[in-house]
2 protein chains.
Amino acid sequence: MGKEEAGGYPSLIEDSGLASTPARAQVLEILANSQSPLTAREIHATLARTQAVDRTTVYRSLDVFVEAGLAERITSGDRAFRYGMGRRSLHARHPHFFCRQCGDMECLSAGAVELRMEDFVRTFAGLVERVEVRMDGICKNCLRRGGAGK
Amino acid sequence: MGKEEAGGYPSLIEDSGLASTPARAQVLEILANSQSPLTAREIHATLARTQAVDRTTVYRSLDVFVEAGLAERITSGDRAFRYGMGRRSLHARHPHFFCRQCGDMECLSAGAVELRMEDFVRTFAGLVERVEVRMDGICKNCLRRGGAGK
DNA sequence: TGACCGATGCAACCAAGTTGCATAGATTGC
DNA sequence: GCAATCTATGCAACTTGGTTGCATCGGTCA
Ligand SMILES: [Mn+2]
Ligand SMILES: [Mn+2]
Ligand SMILES: [Zn+2]
Ligand SMILES: [Zn+2]
């Protein structure tokens, strides 16, 4: 699934100035292979199927990845952050959809929405580092099995 | 500061099919008078200056307001939701800016960004109920006193 | 008047994430 | 090669933001 060039995730991690460890490489691989952004809990659950890693290590790996731009922290409509590949990992920015019924989040194509903000950024007194566009609603699965009821 | 027509917040609440109580009216008034979206904690702190209300009541008031469209729940870059006036309270949708340094959130003018998503919404299999646009970065105050260092 | 219903308070609980500290494993200096 | 030095990890305790169960209280209505 995830195509990786020579060296794979370890070298991607090292190219960002971080030490590569088995746990970190696996966390990044899980992120890279996912169609949708994942919670730390989901990442840990996947990881734990093959090796025993503490959840703290997952949290800390994600933190350093986000700091280094390797991963992106995405807010959702619920109380848990999601993580996806970051811009430093050949990943284009794109909006997301959050289903308030089942809690699933999906990546939308980068061109799904057109966002123009250059004029604003130019005149804004603060520093804009990133933008998040998220649509909330009911996903098609939840629509099929039961309507938009809370 | 907050201009209110005859009846004020109590009737605004009742017009949404909810019972108006002193606590609810005050929560809504605090929201209406704020320049920026507030956390439940901030609302409770403000409220507590004039009367003893349990934080649970604040949470529950906000829940029913959001459900009724009187208030809007907004995600930020940190772990706490913010609340602002909702669309059913004569409030236009607009983007927000979140400062990752001081945690302050500010409302941006509705025209700050141009967002085109009709084409997407028309062809999307799910139901899109709302959209959130949030910029993250460093606010001008934090820029002045110390740069963008974390 | 009395049954009812919803809003509130309060305590317990929960989920997500963070922190302190000890250890193990790798890296560096010599 | 060996010791001094990081640093990633594990594990437990803690924090924060929010939710839930349950008892009570105050209106509304037959
Ligand atoms: Mn994505
Ligand atoms: Mn706002
Ligand atoms: Zn769904
Ligand atoms: Zn700031």
Side-chain angles (χ1 to χ4, degrees), chain A residues 9-11 13-14 16-28 30 37-48 50-68 70-83 98 100 102-105 150, chain B residues 9-10 13-14 16-28 37-48 50-68 70-83 98 100 102-105 150:
Chain A
Y9 302 110
S11 53
I13 293 171
E14 281 159 6
S16 296
L18 299 175
S20 176
T21 66
R24 286 183 178 177
Q26 284 223 49
V27 168
L28 193 58
I30 290 168
L38 302 171
T39 62
R41 165 185 291 268
E42 289 167 330
I43 294 165
H44 180 244
T46 303
L47 193 44
T50 59
Q51 56 180 260
V53 175
D54 194 76
R55 68 196 186 98
T56 317
T57 300
V58 174
Y59 281 118
R60 288 197 272 230
S61 300
L62 291 169
D63 285 348
V64 299
F65 286 171
V66 168
E67 186 76 16
L70 268 177
E72 192 184 12
R73 178 180 285 121
I74 303 161
T75 62
S76 67
D78 64 28
R79 311 211 356 68
F81 292 122
R82 312 290 151 121
Y83 295 88
F98 173 77
R100 67 173 168 84
C102 66
D104 269 2
M105 200 159 194
K150 199 256 157 119
Chain B
Y9 301 109
I13 293 171
E14 280 159 8
S16 296
L18 300 174
S20 176
T21 67
R24 288 183 176 176
Q26 283 222 49
V27 167
L28 193 59
L38 302 172
T39 62
R41 166 186 293 270
E42 290 168 330
I43 294 165
H44 181 242
T46 302
L47 193 45
T50 60
Q51 56 180 260
V53 174
D54 194 76
R55 67 196 185 101
T56 316
T57 301
V58 174
Y59 282 116
R60 288 198 271 231
S61 299
L62 291 169
D63 285 347
V64 300
F65 286 172
V66 168
E67 185 75 16
L70 267 178
E72 191 184 12
R73 177 181 286 120
I74 303 162
T75 62
S76 68
D78 64 28
R79 310 209 344 82
F81 292 123
R82 313 288 150 122
Y83 295 88
F98 174 77
R100 66 174 170 85
C102 67
D104 267 3
M105 201 160 196
K150 199 230 149 148

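Below, read A as the first sequence line, B as the second, and so on, with proteins coming before strands; counting in each chain starts at 1.
Side chains of B:M105 and B:I74 form a contact here, defined as non-hydrogen atoms less than 4.5 Å apart. B:L62 places none of its side-chain heavy atoms less than 4.5 Å from the side chain of B:R73. By the 4.5 Å heavy-atom criterion applied to side chains, B:R24 and B:V64 are counted as neighbours. Side-chain contact between A:V27 and A:Y9: absent, with no pair of heavy atoms (C-beta onward) separated by less than 4.5 Å.
Along DNA chain C, the nucleotide nearest B:A19 and the nucleotide nearest B:R79 are compared for position; the residue whose nucleotide lies closer to the 5' end is B:A19.
In this structure, A:D78 atom CG and C:dG17 atom C1' are separated by 14 Å, rounded to whole Å. Atom CG in B:L47 sits roughly 17 Å away from atom P in C:dA7 (whole-Å rounding). Between the CD1 atom of A:I74 and the C1' atom of C:dA16 there is a distance of 17 Å, rounded to whole Å. B:E67 has its CD atom 17 Å from the C1' atom of C:dA7, to the nearest Å. Note: NE2 (A:H44) to P (D:dG10) measures 8 Å, nearest angstrom. Separating the CD atom of A:Q26 from the C1' atom of D:dA8 is a distance of 15 Å, rounded to the nearest angstrom. Rounding to whole angstrom units, CG of residue B:L18 and P of D:dG27 are separated by 19 Å. The CD-P distance, from A:E42 to C:dG17, rounds to 11 Å in whole Å.
OP1 or OP2 of D:dA8 lies within a sub-4.0 Å distance of a side-chain N or O belonging to A:R24. Between C:dT8 and B:T21, a contact under 4.0 Å exists linking OP1 or OP2 to a side-chain N or O.
Residues from residues 54-65 of chain B lying near DNA chain D, meaning a heavy-atom separation below 4.0 Å, are B:R55, B:T56, B:Y59, B:R60, B:D63 in numerical order.
For B:D78, the side chain to side chain donor-acceptor pair (under 3.5 Å) partners are B:S76, B:R82, not counting sequence neighbours. Taking B:R41 as the reference, B:T39 meet the side chain to side chain contact (heavy atoms under 4.5 Å, CB included) condition, with sequence neighbours excluded.
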